[in-house]
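Working notes for the structure below.
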Amino acid sequence: MPKNTKHTTSAPKHTTSAKSPKTTLKNTSRNALTAAAAAALAVTGLTALPAAADTGRAGQDRLTWSACEGQADPRQQCATVTVPLDYRDPHGEQITLAVSRIRAARPDQRHGVLLTIPGGPGGSGLNVPANAAKRLPQSVLDRFDLVGFDPRGVGRSTPVSCDLDRSDLSMVKLHGWPAADGSIDGNVSYARRAAETCARNGGPVLRSISTANEARDIDSIRRALGERRLSAWGTSYGTYAGAVYATMFPQRTDRIVLDSNDDPDPTRVERGWLAAYGPGVEDRFPDFAEWAASPGNPDRVADTPEEVRPLFLDLTARLDRAPLPWPGSDPAELNGNVLREAMLQSLYADAKFPDLARLMLAGLGRRPLPAPVTLPDQAVQAVQNSVAVSVGTLCGDVAWPTDPAAYAKDVAAERAARPLTAGMPVNVGPCAFWPFAPAEPPVEVTDRGPANILLAQNLRDVATPYRGALKLRAALGERARMVTVDSGGHDVYVANGNACGDAVVTDYLVTGRRPAGDVFCPAG
């Protein structure tokens with residue numbers, strides 16, 4: 001696959017070039033906890049923690065492990081952890097969290113638990129240990145119990161659902177693409193309907209969902225495992241959840257890796273992440289253009305990379321005016337927004353580029369439309385579940401503006417500035433009409449706590465752009481180091497084939513030594 005040679009980025013300022021990452025790795029002393037740590041603990045709302053959380057000593061695993069239902073990897077075991085629905089009432093109604101584990105391959109080298117924190121919000125993490133075990137280096141598998149979990153409301157944990165109409169599960173609706181003429185009237189109607197339906201059907205579990213509660217749930221898992229401290233590997237939304245955990249429970253953290261990082265701005269939180277799709281697509285689309293114009297590519301769409309962007313914009317506008325029938329698809333046509341959504345999804349990984357190219361070629365009349373991808377009946381419940389948890393998190397973390405006219409103004413400006421995404425990133429969503437105020441303010445990620453966090457970040461990430469990762473890096477201050485990889489797409493560690501970036505993260509997990517400074521890894 002051709003590399004993007006026209007849009008490479010030089011090493012960011014204040015970083016160390018790392019052709020050989022080992023040259024930058026030095027012992028890093030951990031900061032002593034100060035009174036600020038105690039202040040951070042106060043925001044958890046846990047005024048009476050169980051003894052295991054207070055003694056500072058490792059306890060005994062209190063979980064009952066058994067074979068996981070339907071698992072292909074026989075090493076993975078499953079258990080449940082009981083947690084309060086409301087941590088302000090720790091002895092009140094309880095819910096369950098499903099957890100999984102693959103034990104360290106070398107018990108004599110075991111360092112502890114590496115908790116994998118899934119993305120989303122709304123993503124399942126129960127199968128992550130089995131999947132990660134296929135990719136992680138043996139040195140990590142030897143030293144850590146890999147632990148995954150379904151967050152509150154997700155999957156095999158006490159689940160939630162909005163019970164939306166199946167027609168409302170289309171990604172074009174969920175992502176809030178404006179109408180062809182820029183109108184958001186249909187988006188307002190959908191957002192209001194989804195908010196009312198979720199509020200009616202989601203119940204108290206949905207209303208309890210927030211990133212702060214996920215951090216509390218993570219600490220409940222730590223206590224149930226009998227661990228004094230917890231190492232973690234959070235990806236995508238899991239980076240924010242991991243950063244919030246490291247802020248609320250700094251003294252319980254060990255080796256923290258945050259991979260593909262969200263901007264922690266406490267005034268916007270998820271609103272900012274959705275808006276970041278605009279610059280994220282602009283950062284990433286040139287990689288697709290380079291690939292889509294490469295000679296010898298069987299899915300080539302243009303002769304030069306410079307032709308790909310105007311071709312895409314012209315095609316989406318044409319499909320806005322005259323959609324192509326696509327029976328069996330949802331919606332049952334290839335319109336401009338369906339192609340835009342396909343573009344967004346394809347930019348997550350180079351391996352998905354052919355999906356977008358083939359759909360463009362079909363829209364241009366040079367290929368037949370591909371077979372429609374339909375949602376199997378058995379998958380609908382999982383999608384309902386994921387959507388509900390996503391809505392619960394987005395609306396439970398921070399209050400959103402409520403004036404549709406303000407959203408319409410923002411969408412119009414965004415469409416002019418970034419036509420690839422046509423205003424979608426700043427459009428209205430269900431949280432504008434959510435009837436419940438957040439139970440508490442968002443957690444402000446700070447630099448107070450031990451210096452034990454490593455961020456891993458691609459330069460051209462469509463979903464968690466580099467500029468947002470820099471904001472998290474700044475918020476964490478000397479608690480963190482960052483390894484930046486000259487690569488595109490979402491996910492970094494053991495995901496994009498960059499040996500330099502992988503080596504930096506692996507060395508930290510295995511030895512506990514962070515780089516002396518931020519590291520830049522060239523492409524390749």
Side-chain angles (χ1 to χ4, degrees), residues 9 11-18 21 24-26 28 30-31 114-119 140 211 215 230-247 250 253-265 269 272-273 276 280 283 443-496 498 500-521:
T9 307
K13 295 181 180 179
H14 311 299
T15 63
T16 304
S17 180
T24 67
L25 302 178
K26 297 182 179 179
T28 303
R30 296 177 185 261
N31 292 345
L114 180 63
L115 182 76
T116 58
I117 308 176
V140 174
T211 303
L230 196 66
S231 294
W233 173 23
T235 56
S236 195
Y237 164 72
T239 64
Y240 178 64
V244 168
Y245 179 73
T247 298
T253 59
D254 188 3
R255 301 171 187 178
I256 306 297
V257 173
L258 305 180
D259 180 334
S260 305
N261 297 276
D262 279 312
D263 183 343
D265 181 356
V269 197
W273 307 346
D283 291 344
V443 175
E444 182 175 356
V445 174
T446 74
D447 60 358
R448 297 189 295 273
N452 61 355
I453 300 173
L454 178 65
L455 312 184
Q457 182 66 35
N458 288 329
L459 276 178
R460 300 177 301 282
D461 187 325
V462 64
T464 56
Y466 176 63
R467 66 202 71 193
L470 290 176
K471 298 288 184 63
L472 181 58
R473 173 69 181 86
L476 290 166
E478 285 303 304
R479 293 195 70 184
R481 295 289 185 265
M482 185 160 80
V483 53
T484 300
V485 176
D486 185 0
S487 182
H490 195 51
D491 295 341
V492 181
Y493 184 46
V494 294
N496 63 12
N498 187 281
C500 165
D502 289 350
V504 173
V505 177
T506 296
D507 190 87
Y508 174 55
L509 286 174
V510 170
T511 69
R513 296 190 302 265
R514 297 185 315 163
D518 291 348
V519 175
F520 178 78
C521 287

Of all heavy-atom pairs between Leu455 and Ala469, which one has the smallest distance, and what is that distance?
CD1-O, 4.2 Å

Identified side chain to side chain contact (heavy atoms under 4.5 Å, CB included) counterpart of Thr247 within the set Thr253, Val445, Asp447
Val445

Mind checking whether Val504 and Leu454 have side chains closer than 4.5 Å, heavy atoms only?
yes

Short side-chain donor-acceptor distance under 3.5 Å, Tyr493 and Thr235:
no

What are the two closest non-hydrogen atoms of Tyr466 and Asn458, and how far apart are they?
CB-O, 4.1 Å

What verdict does the side chain to side chain contact (heavy atoms under 4.5 Å, CB included) test give for Asp507 and Arg513, after you've listed the backbone C-alpha separation in whole Å, the side-chain angles of each residue and the deciding distance to 0.1 Å?
CA-CA 7 Å; Asp507 190 87; Arg513 296 190 302 265; 3.7 Å; yes

Just by modelled atom types, is the Met482 backbone N or O under 3.5 Å from a matching donor or acceptor in the Gln457 side chain?
no

How far apart are the closest heavy atoms of Pro250 and Arg479, and which atoms are they?
CB-NH2, 4.1 Å

Rounded distance [0.5 Å steps], CD1 in Ile256 versus CG in Leu509:
9.5 Å

Within a strict 4.5 Å, meaning less than it, do heavy atoms of the Cys521 and Val483 side chains meet?
yes

When you check the gap from the basic side-chain N to the acidic O, do Asp486 and Arg460 get nearer than 4.0 Å?
yes

Answer yes or no: is there a donor N or O on one side and an acceptor on the other, between the side chain of Arg473 and the main chain of Ala480, under 3.5 Å?
yes

Are side-chain heavy atoms of Leu459 and Phe520 found at a separation under 4.5 Å?
yes

Heavy atoms, side chains only, cut-off 4.5 Å: are Asp491 and Asn496 in contact?
no

Partner of Arg467 under salt bridge (charged side-chain N to carboxylate O under 4.0 Å, His left out), chosen from Asp262, Asp263, Asp461, Asp283
Asp283

In Å, rounded to the nearest 0.5 Å, how long is the span from CD1 of Ile117 to OH of Tyr245?
9.0 Å

Can you confirm whether Thr484 sits close enough to Asp518 that some side-chain heavy atom of one is under 4.5 Å from a side-chain heavy atom of the other?
no

Taking all non-hydrogen atoms of both residues, which atom of Ser236 and which atom of His490 are closest, and how far apart?
OG-NE2, 2.9 Å

Determine whether Trp233 and Val505 make a side-chain contact, defined as any pair of heavy atoms from C-beta on separated by less than 4.5 Å.
no

Closest approach of Gly280 to Pro465 (non-hydrogen atoms, all atoms of both residues)
CA-CG, 3.8 Å

If you take all heavy atoms of Leu472 and Ala243, which pair is closest and at what distance?
CD1-CB, 4.0 Å

Are the side chain of Arg481 and the backbone of Ala451 linked by a donor-acceptor contact shorter than 3.5 Å?
no

